[in-house]
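Structure record follows, encoded as structure tokens.
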Amino acid sequence: MPALQPGSPRAGRLTAISTVVGMRLRVGAVLAVALSTALAGCAPGLAANPRYATDSGAGPQGAPETTTQASGPPAVEAPKNELSWQDCTSRVFSAAAVDPIPGVALECASYDADLDPIAGASGTVNIGVVRARSSDTPADAGPLVMTTGSDLPTSEQLPVWLSRSGIEVLNSHPVVSVDRRGIGMSGALDCRDSFDRQEMFDQVQFQAGDDPVANLREITMTATTSCTDAIAPGDSAYDNAHAAEDLERLRTTWDVPALALFGIGNGAQVALAYAGSHPNKVARLVLDSPLPLGIADEAATEQRVKGEQAALEAWAAQCVAANCPLGADPKAAVDALLSDARAGRGPGGASVAAVTSAISTTLGYPRGDRVTAGNELALALSDARAGDSARLNALISEAEQLRYTDGQFVNRCSDALARPTPDRVRELVVAWGREYPQFGTVGALDMVKCLNWPSGSPPEEPGGLEIPTLLLGVQHDPIVGNEGVAAVAATAINAGSSNRRVLWQGTGHGAAIYSACALPPVITYLQSGQLPDSDIYCPA
């Protein structure tokens, strides 16, 4: 095609057409920009402001809102609904043989819990609680819930703790002790015949025959029938899992989102069971001298016997260092007393089981400082060797009342899992008697007491536990031994909970109870929810 010449008619027409088209394109572009701008003002910008993606509708325009998420575990909140507290300061301190503490008030109350919320048996049980506060306790502070489970009534251990270093906890939080059902203030059971009760405590030592396992099992069969009849239809409702549900009833009664739990010994098992069944209802979890939830009866008993032997060794060494009344070989004095008791010449007619129970209870729950408590035991044993059994008989009576009640029999047997056969017990009577000379035989025979009780199952292990766990242990613990801390640490890790350990190298049951060094990490964790940076070792 020939090129267009400037100024020709055809060139002029094309120039005019291009001018009009350009004007229309510019107008279209302007309209498109305007339309785009208008639409931008109406449509939500999801990427820029995520508030519009919520169910609450569009928020105010302008800069995005920011919220500060609280870090760490949930707060320990004060109850919205209080129990009917009544002053019981003098009564509770007196029952624990502890002098009242100036400025500390104790108040008692109770609440009803379902007899069997797990299996559905109808009825209720009454749960007794004690609240401790001081003049420094903030009025709006949430409580620390304390339980010793079936080891002894929590209401009796609370004043002991406060008389030592536990009073410091009251500077930030009240403490509420919960007695396990059938024990202490929680409707203490009375279901065994007095003869059966004494025979079980003495392990039928004074009965004729050469088979103590068979003799003791016969007595415990009668006792089991009496007690299961007394608590029917709740004969399977006195284990750790049901004790945990009693804590849940306390939480719902208070109407708080979560509990701060401090469990010692069997109480640590109860607290761990609660974490298993209600993992999102735990604000703090302090487990002192714990045992695993699913531990077999034989394993738990052997750990206890090992702890008794270790506590005796530590006490004997201390006794020599303090020039105690038993001279240079305190263990020999203990062996001589036990030998006399086996031959029926025990102090005041006491059985072997009674003497060993007095020793382990005195070492597990010492009164006064370490040296004073050790010397008290040495003096009682020295007097008994000289023919004066008054002091030792007092310790025996105290051990029986503190640790061998009907409620403790029911709860401990309900918790006893994978029990050995009678023939296995007979084997252990011999084997443990050699390996653990002072406590082995008595420990093995103790397992006979639960052989007739209805079998149970372990509580649910914790899972999805989002709060950290503080673990405490005692090197020489004559009540549960010292092997549970490592096992429970593994349980916490498997549940997704970080943990730290506070280990006291002393003698007793409950590091936080008897060691001033072990308490500050508990207080810090209770207040902030933060664990220590590393494990802590406290000297004896």
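Within a 6.0 Å radius of CD in Glu466, no more than 12 heavy atoms belonging to other residues, nucleotides or ligands are found. Remark: Asp229 CG is packed, more than 12 non-hydrogen atoms of other residues, nucleotides or ligands lying under 6.0 Å away.
In this structure, a donor-acceptor pair under 3.5 Å is present between the side chains of Glu199 and Gln207. A donor-acceptor contact under 3.5 angstrom links the side chains of Thr361 and Arg403, judged on distance only. A donor-acceptor pair shorter than 3.5 Å cannot be found between the side chains of Tyr537 and Gln505. Gln303 and Asp477 are not linked by any side-chain donor-acceptor pair at a separation below 3.5 angstrom, with hydrogens and angles left out of the test.
The main-chain N or O of Ile127 is never found under 3.5 Å from a side-chain atom of Ser186 such that the two would form a donor-acceptor pair. In this structure a side-chain-to-backbone donor-acceptor pair under 3.5 Å is missing from Ser515 to Ala512. In this structure, Arg284 contributes its side chain and Tyr525 its backbone to a donor-acceptor pair below 3.5 Å. Not a single donor-acceptor pair under 3.5 Å links the side chain of Asn126 to the backbone N or O of Gly187. For Gln309 (side chain) and Gln438 (main-chain N/O), a donor-acceptor pair under 3.5 Å exists by modelled atom type. Put simply, the side chain of Asp116 never gets that close to the backbone of Ala237: no donor and acceptor are under 3.5 Å apart. At distances below 3.5 Å, not a single donor-acceptor pair connects side-chain atoms of Gln203 with backbone N or O atoms of Pro212. Using a distance-only test at 3.5 Å, with no hydrogens or angles considered, a donor-acceptor pair links the side chain of Thr225 to the main chain of Met221. Side-chain N or O atoms of Ser497 include one that pairs as donor or acceptor with a backbone N or O of Thr469 at under 3.5 Å. Side chain of Ser389 to main chain of Leu392: no donor-acceptor pair is present (N/O by atom type, distance under 3.5 Å, no hydrogens or angles).
Across Gln205 and Ala341, no two heavy atoms sit closer than the pair NE2-O, 2.6 Å. Nearest approach of Pro422 to Leu451, heavy atoms of both residues: CG-CD1, 4.1 Å. Between Ala511 and Val474, the shortest heavy-atom distance links the atoms N-CG2, 3.5 Å. Taking all atoms of both residues into account, the shortest heavy-atom contact from Leu417 to Ser457 is CD2-C, 3.9 Å. Ile183 approaches Gly407 most closely through the heavy-atom pair CG1-C, 3.7 Å. The heavy-atom pair separating Val425 from Ala444 by the smallest distance is CG1-O, 3.5 Å.
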Discussion item. Could you go through Glu302 and Tyr436, starting from their C-alpha distance and side-chain angles, then the distance that decides it, and tell me whether this counts as side chain to side chain donor-acceptor pair (under 3.5 Å)?
Written reply: CA-CA 10 Å; Glu302 186 170 17; Tyr436 313 111; 2.7 Å; yes
Worksheet entry | Candidate pair Asn452 and Thr224, rule side chain to side chain donor-acceptor pair (under 3.5 Å), full reasoning | CA-CA 7 Å; Asn452 300 304; Thr224 297; 4.8 Å; no
Practice prompt. Determine, stepwise, if the pair Thr222 / Asp193 fulfils side chain to side chain contact (heavy atoms under 4.5 Å, CB included).
Written response: CA-CA 9 Å; Thr222 304; Asp193 178 88; over 6 Å; no
Practice prompt. Check the pair Leu377, Leu363 against side chain to side chain contact (heavy atoms under 4.5 Å, CB included), reporting the backbone distance first and the verdict last.
Written response: CA-CA 8 Å; Leu377 177 59; Leu363 295 177; 3.9 Å; yes
Discussion item. Side chain to side chain contact (heavy atoms under 4.5 Å, CB included) for Glu156 and Val98? Distances and angles first, verdict last.
Written reply: CA-CA 9 Å; Glu156 292 195 30; Val98 174; over 6 Å; no
Worksheet item: Stepwise, does the salt bridge (Lys or Arg N to Asp or Glu O under 4.0 Å) test hold for Glu298 with Arg424?
Response: CA-CA 10 Å; Glu298 181 179 328; Arg424 175 60 178 165; 2.8 Å; yes
Item to complete: Test Arg367 against Thr372 for side chain to side chain contact (heavy atoms under 4.5 Å, CB included), laying out the working first.
Response: CA-CA 8 Å; Arg367 299 194 179 277; Thr372 299; over 6 Å; no
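Inter-residue side-chain proximity for His509 and Val480 is flagged as met; some heavy-atom pair is nearer than 4.5 Å. Put simply, the side chain of Val178 does not reach to within 4.5 Å of the side chain of Thr154, judged on heavy atoms. Side chains of Pro468 and Ser498 form a contact here, defined as non-hydrogen atoms less than 4.5 Å apart. Inter-residue side-chain proximity for Tyr365 and Ile479 is flagged as met; some heavy-atom pair is nearer than 4.5 Å. With contacts defined as side-chain heavy-atom distances shorter than 4.5 Å, the pair Ser455/Arg419 qualifies. Proximity of Val169 to Phe262: side-chain heavy atoms (C-beta onward) are nowhere separated by under 4.5 Å. Between Pro153 and Met185, every side-chain heavy-atom pair lies at or beyond the 4.5 Å cut-off. Inter-residue side-chain proximity for Leu285 and Tyr274 is flagged as unmet; no heavy-atom pair is nearer than 4.5 Å.
Taking CG of Leu162 as the start and OG of Ser177 as the end, the distance is 9.0 Å to the nearest 0.5 Å. Considering CG of Asp446 and CG of Leu428, their distance stands at 12.5 Å, rounded to 0.5 Å. Rounded to the nearest 0.5 Å, atoms CZ (Arg180) and CG (Asn240) are 4.5 Å apart. With rounding to the nearest 0.5 angstrom, the CG atom of Asp235 is 12.5 Å from the SG atom of Cys413. Note that CG of Asp340 and CG of Asp335 are 11.0 Å apart. Values are rounded to the nearest 0.5 Å. Expressed to the nearest 0.5 Å, how far CD of Glu248 lies from CG of Asp114 amounts to 11.0 Å.
With salt bridges taken as basic N to acidic carboxylate O contacts below 4.0 Å, one links Lys331 and Glu313. The existence of a salt bridge linking Arg426 and Asp423 is confirmed by a sub-4.0 Å separation between a basic side-chain nitrogen and an acidic carboxylate oxygen. Electrostatic pairing of Arg197 and Asp190 counts as a salt bridge here, judged by a charged N lying under 4.0 Å from a carboxylate O.
For the side-chain contact (heavy atoms from CB on, under 4.5 Å) criterion with Gln269, the lone passing option out of Asp239, Thr147, Ile295 is Ile295.
Aromatic ring centroids of Trp453 and Tyr238 lie 6.0 Å or more apart.
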